[in-house]
Amino acid sequence: MKKKKLDSRRFLIAGITVGIMVTIIIGLGVYFLTFSKGEANLLVIYHWWSSPGEAKALSGLVGLFNERYPNEIVEPILITGGPGYKLREVIKTLILAKEAPDTFQMHPTYEAKPYFDEGLLQPVDDIWKSNNLEKVIPKVVQSMCKFNGHYYEVPIDIHRVNLIWYNKKILDENEINPSSLTTWDAFFDACDKLKAAGRQYPIQISAGWTGAHCFESIIASQGIDFYEDWVNGKVTSAEDERLVKSLEILKKYLSYVNPDYAEFDWWNNATSRIISGEGAFNLMGDWANGDFKDAGMQYDRNYGSFPVPGTGNMYGLCIDTFQRLKNINHPKNLERWLQLVASKEGQDTFNPIKGSISARTDANVTKYDLYQKSAILDFVSVKYMFPSVVHGSGAPEDFKLKLADVMSEFMEDQNVTDTAAELTDYTKSIQDEYTINWELN
Ligand code: GAL
């Protein structure tokens, strides 16, 4: 009787021990699946699309992904701060900690180069091939997405950077014809007219990088040869007349801008103040178009745009892409995402909301607004394309970051001589980083 009791107690203890061990093993399994490799049905995407129009465009694309794969979860993680400047710091930290996301928003060429150089990227030739992208992506974009003859990025859009957006009601009331603003003199005359009519700050601008954004378009306005020299690291003399003239134009431009610019990013005062009618002009890429639309405005009726004076025959390129990193947690979902990004349906869902044009030439034009229809035509008819420095492609990463800092200072002190010296000294000091030879002419 006593032995029987002892046996059953042993049996009970053994049972409990096995139970605990099984629970621990299952728990560890679940833990490793969930946390070390990530939940199997997840896709983690980092981006900096924070304005209402940008956020909507991304949701549209994510929505399409969810329609195709209802059991998968997309987790977009927003890192605001400049056009991706903050995001890249975060990505670097994540990669070092071996916690890289599945993919992230990235501009091609120089911005992608550090990841390529470190051996972190895998080619995406297969995605290009299965979507026949070489047939539909313009040559200029193709070459920007390649390293050593292989594709490393899938482009989702083509943005134009050299545009000035305006509030149509204000220009109409002041009898300013936007299509006549093709020279800096004509543009500044229009600003003077608005000032005389009581608008102290006809131009709206935001924090540092938006000053750099204006500056690069001003550089382009001094001729494609100058821009080509600039992106090839050949503007190395502080006395270069074209550089000095560009800074003088920016200085004059800044005499018309809102003094509270430093507190804001591009959307939340500059573009939104053109929408609200507090300001007349905002020099910005055509992602602004997405926000005018999101605010319920109609192109050519409530707002409009024209090329930055002197750049009518140029298309300043800013391209968003996604890539395939090595050792990511959810390769299957990434594959699905890249296929969607590459597809006509994906691009025709995202771009009509984003304000940009599709990176594909076979877009369904009926889905695009009036501005976009004209941009599609401009893209094929302009004489020159130039890669944006501020938006990652035109010049080495270090120069881009330096430019944003220098321009922040310039917006404060407007010292032409010192700024020309600082920029050219810096260019000279990083000559070995200029590894791309742009031929823009
Ligand atoms: C650019 C990006 C665009 C837009 C813009 C402002 O660098 O390529 O898609 O988001 O920044 O956020």
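Each ligand, and each atom within it, is numbered from 1 in the order the structure gives.
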Return the residue, atom name and 0.1 Å-rounded distance of the protein heavy atom closest to [atom].
| atom | result |
| --- | --- |
| atom 7 (O) of ligand 1 | His391 ND1, 2.7 Å |
| atom 2 (C) of ligand 1 | Asp320 OD1, 3.4 Å |
| atom 11 (O) of ligand 1 | Trp48 NE1, 3.2 Å |

Any nitrogen or oxygen of [X], main chain or side chain, under 3.5 Å from a nitrogen or oxygen of ligand 1?
| X | answer |
| --- | --- |
| Trp287 | no |
| Asp157 | no |
| Glu54 | yes |

Fill in: Sidechain N-carboxylate O distance under 4.0 Å for Lys92, Glu118
no

Item to complete: Inspect the contact between Asp225 and Lys234 and indicate whether a charged nitrogen and a carboxylate oxygen are less than 4.0 angstrom apart.
Response: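 No.
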
Please could you name the atoms of ligand 1 that [X] approaches to less than 4.0 Å, counting only its heavy atoms?
| X | result |
| --- | --- |
| Lys354 | 3 (C), 4 (C), 9 (O), 10 (O) |
| Trp49 | 3 (C), 9 (O), 10 (O) |
| His107 | 1 (C), 2 (C), 7 (O), 8 (O) |
| Pro83 | 7 (O), 11 (O) |

Item to complete: Check the angle between the aromatic planes of Trp49 and Phe350 and answer parallel, tilted or perpendicular using the 30° and 60° thresholds.
Response: tilted

Discussion item. Classify the ring geometry of Phe187 against Tyr253: parallel below 30°, tilted from 30° to 60°, perpendicular beyond 60°.
Written reply: parallel

Do [X] and [Y] meet the cation-pi criteria used here (NZ or CZ under 6.0 Å from the six-membered ring centre, within 45° of the axis)?
| X | Y | value |
| --- | --- | --- |
| Arg160 | Phe379 | no |
| Arg242 | Trp230 | no |
| Arg273 | Phe264 | yes |
| Lys400 | Tyr110 | no |

Fill in: Non-hydrogen atom of Cys318 closer than 4.0 Å to ligand 1
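It does, in that a heavy atom of Cys318 comes within the 4.0 Å cut-off of ligand 1.
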
